Number of protein chains: 2
Amino acid sequence: MSMDAVFRALADPTRRQLLDSLHDRNGQTLNALCERTDMTRQAVTKHLAILEEANVITTVRNGREKEHYLNSVPINEIAERWIGKFERGRLTALSDLKKRLEREEP
Amino acid sequence: MSMDAVFRALADPTRRQLLDSLHDRNGQTLNALCERTDMTRQAVTKHLAILEEANVITTVRNGREKEHYLNSVPINEIAERWIGKFERGRLTALSDLKKRLEREEP
DNA sequence: TTAATATGCAACCAAATGGTTGCATGTCAA
DNA sequence: TTGACATGCAACCATTTGGTTGCATATTAA
């Protein structure tokens with residue numbers, strides 16, 4: 001569940017589309033997910049494997065079917081640990097700009 | 001400045017390292033950024049081009065030097081428009097779990 | 001002006017990536 | 001049990017990616 005795996009998993013538009021699909025209806029099977037795309041089942045399988053490897057989705061075996069569930073924890077970790085860092089940087093920059101403006105037009 | 005370009009730009013660990021370097025010291029030149037890695041200048045140039053293409057960094061030409069500045073806007077947009085969506089989903093899931101627990105142990 | 005410095009451009013290469021087809025395995029239902 | 005259905009595995013292919021080397025251009029400083 002390395003951060004790099006999550007970034008790489010999110011890098012592909014098809015995989016983000018799969019996540020969107022699961023967000024729309026959680027717990028879909030492989031075939032259900034396939035019906036929403038125009039590629040082969042095997043291609044979807046590979047993408048799902050990458051998403052599962054990154055721990056972005058979790059699967060539950062149910063007889064001959066396999067249900068796929070979103071796991072938003074890694075995405076939130078990225079948001080908090082990595083993106084948040086740059087967000088704070090931006091807020092600081094904005095704050096600095098504000099102070100500068102206040103100084104320049106009293 | 002498509003969202004896909006930003007995701008792809010963030011997918012590579014080397015590029016995230018470059019962003020980290022700029023977060024540490026904003027406005028570095030190409031050579032300055034090179035000194036913090038172990039690859040060739042040309043490789044760094046390519047990565048910077050991808051980051052610039054995704055609008056994650058902005059450059060300012062200064063004589064024969066080129067300064068690189070972070071632009072956190074696209075990253076924040078991703079955080080708000082895309083990651084936020086899954087975060088809300090998670091909160092809802094937690095809320096549902098809470099309600100279920102409340103029902104099960106009165 | 002000339003030498004050193006900072007960056008840009010292009011060709012080339014190995015490896016990773018995204019996708020396909022074909023076949024195998026496992027499970028449900030008649 | 002047998003056929004239909006859901007998924008898994010493996011080989012293969014084209015393109016992209018990350019990186020290199022070599023040379024070109026532009027700017028600063030002596």
Side-chain angles (χ1 to χ4, degrees), chain A residues 1-22 25-71 74, chain B residues 1-22 25-71 74:
Chain A
M1 61 170 183
S2 80
M3 201 171 69
D4 187 57
V6 181
F7 270 113
R8 302 197 130 222
L10 297 182
D12 187 85
T14 306
R15 287 194 285 270
R16 291 198 302 277
Q17 180 194 317
L18 285 171
L19 292 180
D20 280 336
S21 183
L22 285 179
R25 172 186 289 265
N26 211 5
Q28 290 181 79
T29 67
L30 172 59
N31 269 345
L33 288 167
C34 283
E35 285 169 6
R36 302 197 177 195
T37 78
D38 55 345
M39 61 187 147
T40 51
R41 177 177 55 82
Q42 287 80 356
V44 176
T45 302
K46 283 194 183 180
H47 284 300
L48 289 175
I50 292 173
L51 289 170
E52 195 173 352
E53 158 86 21
N55 204 30
V56 173
I57 64 175
T58 310
T59 62
V60 175
R61 194 79 206 212
N62 206 342
R64 66 179 161 182
E65 296 187 338
K66 192 175 176 184
E67 299 169 349
H68 298 77
Y69 294 91
L70 272 179
N71 178 21
Chain B
M1 58 167 185
S2 81
M3 202 171 68
D4 187 57
V6 181
F7 270 113
R8 303 197 129 223
L10 297 182
D12 187 84
T14 307
R15 288 194 284 271
R16 292 199 302 278
Q17 181 194 318
L18 286 171
L19 293 180
D20 280 336
S21 183
L22 285 179
R25 172 185 290 265
N26 211 3
Q28 290 183 78
T29 67
L30 172 59
N31 269 345
L33 287 166
C34 284
E35 285 170 5
R36 303 196 177 195
T37 79
D38 55 344
M39 59 186 149
T40 51
R41 178 177 54 82
Q42 287 80 356
V44 176
T45 301
K46 283 194 183 179
H47 284 300
L48 289 175
I50 291 172
L51 290 169
E52 195 175 351
E53 157 85 21
N55 203 31
V56 172
I57 64 175
T58 310
T59 60
V60 175
R61 194 80 206 214
N62 205 342
R64 66 179 162 183
E65 295 186 339
K66 193 175 176 183
E67 298 170 351
H68 298 78
Y69 293 92
L70 273 179
N71 179 22

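Here the structure is a predicted model, which means the values were calculated and not measured.
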task = From the options D:dT20, C:dG18, D:dG8, select the nucleotide whose nearest atom is closest to the side chain of B:Q42.
result = D:dT20
message = Are there over 12 heavy-atom neighbours, none belonging to A:R25, within less than 6.0 Å of that residue's CZ?
response = no
key: Any residue meeting salt bridge (Lys or Arg N to Asp or Glu O under 4.0 Å) with B:K46, in chain and number order, not counting sequence neighbours   = none
task = Between A:D38 and A:R8, just flag the one whose closest nucleotide in DNA chain C comes earlier from the 5' side.
result = A:R8
query = Which residues within residues 25-33 of chain A lie with some heavy atom under 4.0 Å of an atom in DNA chain C?
reply = none
Exam field: side chain B:R15 to backbone B:L10, donor-acceptor pair closer than 3.5 Å = no
task = Would you mind reading off the distance between A:D4 atom CG and D:dT17 atom P, rounded to a whole angstrom?
result = 16 Å
query = What is the distance, rounded to the nearest whole Å, between atom CD of A:Q17 and atom P of C:dG19?
reply = 10 Å
Nearest-nucleotide 5' precedence on DNA chain D, A:E65 against B:D12 = A:E65
ask   = So which nucleotide from D:dA11, C:dG8, D:dG18 ends up closest to the side chain of B:T45?
value = C:dG8
request  = For the residue pair A:Q17 and A:T37, confirm or rule out a side-chain donor-acceptor distance under 3.5 Å.
outcome  = no
task = Could you work out which one of C:dG18, C:dT5, C:dC28 sits closest to the side chain of A:R64?
result = C:dC28
Value in whole Å for how far the C1' atom of D:dT16 lies from NZ of B:K46 = 11 Å
ask   = Just checking, is any N or O donor in the side chain of B:T59 or B:E52 under 3.5 Å from an acceptor N or O on the other one?
value = yes
query = In whole angstrom, what separates B:L18's CG from D:dG19's C1'?
reply = 14 Å
key: Whole-Å gap separating P (C:dT27) and CG (A:N62)   = 12 Å
inquiry  = So, OP1 or OP2 of D:dG8: does either fall under 4.0 Å of a side-chain N or O from A:R61?
reply    = yes
task = Can you tell me the distance, in whole Å, between the CD atom of A:E53 and the C1' atom of C:dT17?
result = 15 Å
inquiry  = What is the distance, to the nearest angstrom, from the NE2 atom on A:H68 to the P atom on D:dA6?
reply    = 14 Å
inquiry  = Using OP1 and OP2 only, check whether a side-chain N or O of A:T40 sits under 4.0 Å from C:dT20.
reply    = yes
query = In whole angstroms, how far is the P atom of D:dT16 from the CZ atom of B:R15?
reply = 15 Å
Sub-4.5 Å side-chain heavy-atom contact between B:R8 and B:I50 = no
query = Between B:R41 and D:dT21, is there a side-chain N or O to OP1/OP2 distance below 4.0 Å?
reply = no
request  = Look at A:K66 and D:dG8 and indicate whether a side-chain polar atom (N or O) is within less than 4.0 Å of OP1 or OP2.
outcome  = yes
inquiry  = Checking A:D12 against A:T14: is there a side-chain donor and acceptor pair closer than 3.5 Å?
reply    = yes
